[in-house]
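Since the structure comes first, as structure tokens, the remarks are kept for the end.
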Amino acid sequence: MVTRRSVLGGAIGAAGAGLLTTGGLAPLLNAGSAQATEAVTVPAPFTVKMPTLPVLSPYNVLGGQDTYAVTIKEVAREIIPGVQTKVLTYDGHFPGPVLRARSGRRVSIRHRNSLTMPVSVHLHGGSVSPENDGGPMDTFGPGTSRTYTYPNQQPGAALWFHDHAHHMESEHVFRGLSAMYLLSDETERSLPLPAGQYEVPIALRDARFDEAGQLVYQMDDVFGRTTILANGRPSPYFEVAARKYRFRLLNSSNMRFFQLRLSDGGQMIQIGTDGGLLERPFTTDTVGLSPAERADVVIDFSRYPVGTKIVLENTLGPGTPDQVGKVLRFDVVRTAADPSRVPDVLRTLPAMRTATVQRNIVLSMDEDGREEPRGLMDGQEWDYQRIDQTIAHGTSEIWTVTNANKIIPHNFHMHLIQFRVLERNGAPVAPAEAGLKDTVRLFPGETVKLHATFDTYKGTYVYHCHLLDHSAMGMMANFRVR
Ligand code: C2O
Ligand code: CU
């Protein structure tokens with residue numbers, strides 16, 4: 001049997017050109033930083049501006065379908081001022097662009113793989129057939145293309161897409177292969193929420209840079225990734241008007257959990273989560289996001305005089321507050337009219353059908369300090385040929401999911417469906433988890449109870465820890481709906 005390390009090493013070795021190895025990067029690096037003799041350092045917080053994410057345009061909107069073409073390619077982009085960093089991108093964008101889709105209208109994307117490695121593209125949170133799911137083994141190689149079709153027969157949701165090629169996904173996503181896919185429906189569009197330039201998608205993540213300002217990927221590098229990026233820039237500032245904004249937050253980190261707050265302790269209104277809007281908004285001074293989770297948050301800056309600067313802080317490690325505590329700063333620079341409003345009722349969630357099957361799932365990872373820790377789902381590493389759970393189409397089930405570790409946090413993600421979180425550690429869940437979810441956090445020792453209905457597609461899909469380094473280590477399993 002091959003070990004994780006040998007498979008990974010083999011895969012990178014097989015790349016030939018060795019794009020992802022230091023050797024392969026060296027010539028490009030030297031060209032990009034010829035005049036820089038000193039080590040590159042990440043700039044002081046709040047000295048660079050946060051960009052907004054570009055929106056992808058379809059090249060064809062005929063036949064009830066929006067059709068896109070995307071090239072997956074390596075480019076150099078400015079993350080640290082004055083430095084060109086090699087990144088892997090969808091169409092050259094770092095971080096990934098935003099695709100805006102509508103419920104009931106199909107999207108088709110042809111991805112061309114211009115890398116030297118196989119890739120797959122998974123629409124996270126999407127209800128799609130197995131052949132369009134972009135599963136770990138369903139990859140397409142260098143120089144080839146693959147078309148994914150998304151029916152969008154689901155309510156509005158904050159989806160995203162990212163690489164999922166087994167044993168490579170964690171490095172590919174770390175190097176840039178993630179993008180938002182914001183699906184809106186009529187209910188959402190009829191609400192008077194902040195819109196247009198006042199609805200701002202923000203991808204948050206961590207990263208590690210070397211002295212030349214290049215990304216450093218090491219498997220399970222929990223402590224090394226201490227630079228926080230918001231929309232691809234290190235702890236940037238963002239100029240806002242003194243009015244309400246809607247922020248579509250995504251944690252695209254491989255392994256970092258964020259716990260966000262405003263530096264003045266000010267209130268935020270959370271209106272949505274992974275699977276779209278909540279039934280009712282709620283007011284909070286903190287927003288938690290484990291890797292892959294999304295939060296839809298309204299902040300009303302009208303309570304601040306023009307000239308105020310408020311920091312969006314992160315209160316969770318690893319890393320010191322100096323390193324990882326300053327996510328971005330909102331600078332209130334002007335006034336603006338604000339016709340927007342957050343209604344008391346946002347949507348009605350579908351009623352939960354009676355569950356007839358119970359399953360228990362246990363996530364664990366070796367935490368005894370061994371060289372090559374294994375990631376385990378129910379005591380086993382992922383085997384792409386093994387079906388771990390067989391589900392009868394049309395049933396509703398309760399999954400009780402536990403993190404058996406004492407130190408290491410995990411989370412739990414299922415492809416194909418949006419579930420409901422019924423309980424956390426035996427207690428009813430907080431409002432942030434009361435909506436539709438596809439990823440749920442699991443701090444050490446925690447247990448959640450999930451309600452899931454499998455009434456859409458049949459076929460085989462994965463469930464896994466979304467700390468991508470962990471799933472790459474084997475913390476993943478298969479379910480088959482039939
Ligand atoms: Cu973001 Cu297997 O998923
Ligand atoms: Cu994990």
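Basis for what follows: all heavy atoms, side chains included, without hydrogens, waters or symmetry-related copies. One is the number of the first residue; the rest follow in order along the sequence.
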inquiry  = Whether Asp91 and Lys73 form a salt bridge (side-chain N of Lys/Arg under 4.0 Å from carboxylate O of Asp/Glu) is what I want to check.
reply    = no
task = Among Gln270, Met268, Lys244, find the residue that satisfies the side chain to side chain contact (heavy atoms under 4.5 Å, CB included) test when tested with Val298.
result = Lys244
4.5 Å side-chain heavy-atom contact, Phe161 and Leu159 = no
query = Do Gln380 and Arg386 come close enough that some side-chain heavy atom pair is under 4.5 Å?
reply = yes
remark   = Exactly one of Leu260, Asn231, Ile228 clears side chain to side chain contact (heavy atoms under 4.5 Å, CB included) with Leu204, and that residue is Leu260
ask   = Given Glu397, which of His451, Gln389, Arg359 fulfils the side-chain hydrogen bond (donor to acceptor under 3.5 Å, both in side chains) condition?
value = Arg359
request  = For residues Leu363 and Asn405, determine if any side-chain heavy atom of one lies less than 4.5 Å from a side-chain heavy atom of the other.
outcome  = no
message = Nearest 0.5 angstrom please: Thr89 OG1 to Phe94 CZ, how far?
response = 10.0 Å
request  = Calculate, to the nearest 0.5 Å, the distance between atoms CD and CG belonging to Glu423 and Leu450 respectively.
outcome  = 10.5 Å
query = Out of curiosity, Asn403 CG to Glu446 CD, how far, rounded to the nearest 0.5 Å?
reply = 8.0 Å
task = In plain terms, say whether Arg102 and Glu188 are close enough for a salt bridge, that is, a side-chain N and a carboxylate O under 4.0 Å apart.
result = no
Pair Glu293 + Arg441: basic N to acidic O under 4.0 Å = no
Atom pair CZ (Arg233) and OG1 (Thr47), whose distance is rounded to the nearest 0.5 Å = 9.0 Å
request  = Identify whether the distance between the nearest side-chain nitrogen and carboxylate oxygen of Arg261 and Glu313 falls below 4.0 Å.
outcome  = yes
ask   = Charged N to carboxylate O under 4.0 angstrom, Arg420 versus Glu433?
value = no
ask   = Do Trp399 and Phe419 have side-chain heavy atoms sitting under 4.5 Å apart?
value = no
task = Please examine the side chains of Ser340 and Leu193, heavy atoms only from C-beta on, and report whether any two atoms are closer than 4.5 Å.
result = no
query = What is the minimum heavy-atom distance between Gly125 and His413, and which atoms define it?
reply = N-CE1, 4.3 Å
ask   = Does a side chain donor of either Tyr90 or Thr71 reach within less than 3.5 Å of an acceptor in the other side chain?
value = no
Lys/Arg-Asp/Glu bridge criterion (N-O < 4.0 Å) met for Asp344, Arg280 = no
request  = Report, as yes or no, whether the 6.0 Å neighbourhood of atom CZ on Phe282 holds more than 12 heavy atoms from other residues, nucleotides or ligands.
outcome  = yes
message = I'd like to know if Glu367 pairs up with Lys406 as an ion pair, taking the criterion as any Lys NZ or Arg NE/NH1/NH2 lying under 4.0 Å from an Asp or Glu carboxylate oxygen.
response = no
query = Can Arg146 be said to sit on top of Tyr148's aromatic six-ring, NZ or CZ under 6.0 Å from centre and within 45° of the ring axis?
reply = yes
ask   = Is it true that Arg225 and Asp469 have a side-chain N and a carboxylate O under 4.0 angstrom from each other?
value = yes
key: Centroid-centroid distance, His124 to His466, less than 6.0 Å   = yes
inquiry  = Assess whether a salt bridge exists between Glu171 and Arg175, defined as any Lys/Arg side-chain N lying under 4.0 Å from an Asp/Glu carboxylate O.
reply    = yes
request  = Rounded to the nearest 0.5 Å, what's the gap from CE on Met475 to NE2 on His464? Could you check?
outcome  = 12.0 Å
message = Just so I know, are the side chains of Ser252 and His162 near enough to count as touching, which here means a heavy-atom distance under 4.5 Å?
response = no
inquiry  = If the threshold is 4.0 Å, N to carboxylate O, is there a salt bridge linking Asp66 and Arg106?
reply    = no
query = Under 4.0 Å between a Lys/Arg side-chain N and an Asp/Glu carboxylate O for Asp296 and Arg294?
reply = no
ask   = Just checking, any donor-acceptor pair under 3.5 angstrom between side chains of Asn411 and Ser290?
value = yes
inquiry  = For Gly156, is there any backbone N or O sitting under 3.5 Å from a side-chain donor or acceptor partner on Asp185?
reply    = yes
inquiry  = I need the Glu199 CD to Ser184 OG distance, nearest 0.5 Å.
reply    = 8.5 Å
inquiry  = Less than 4.0 angstrom from a charged side-chain N to a carboxylate O is my criterion; do Arg347 and Glu279 meet it?
reply    = no
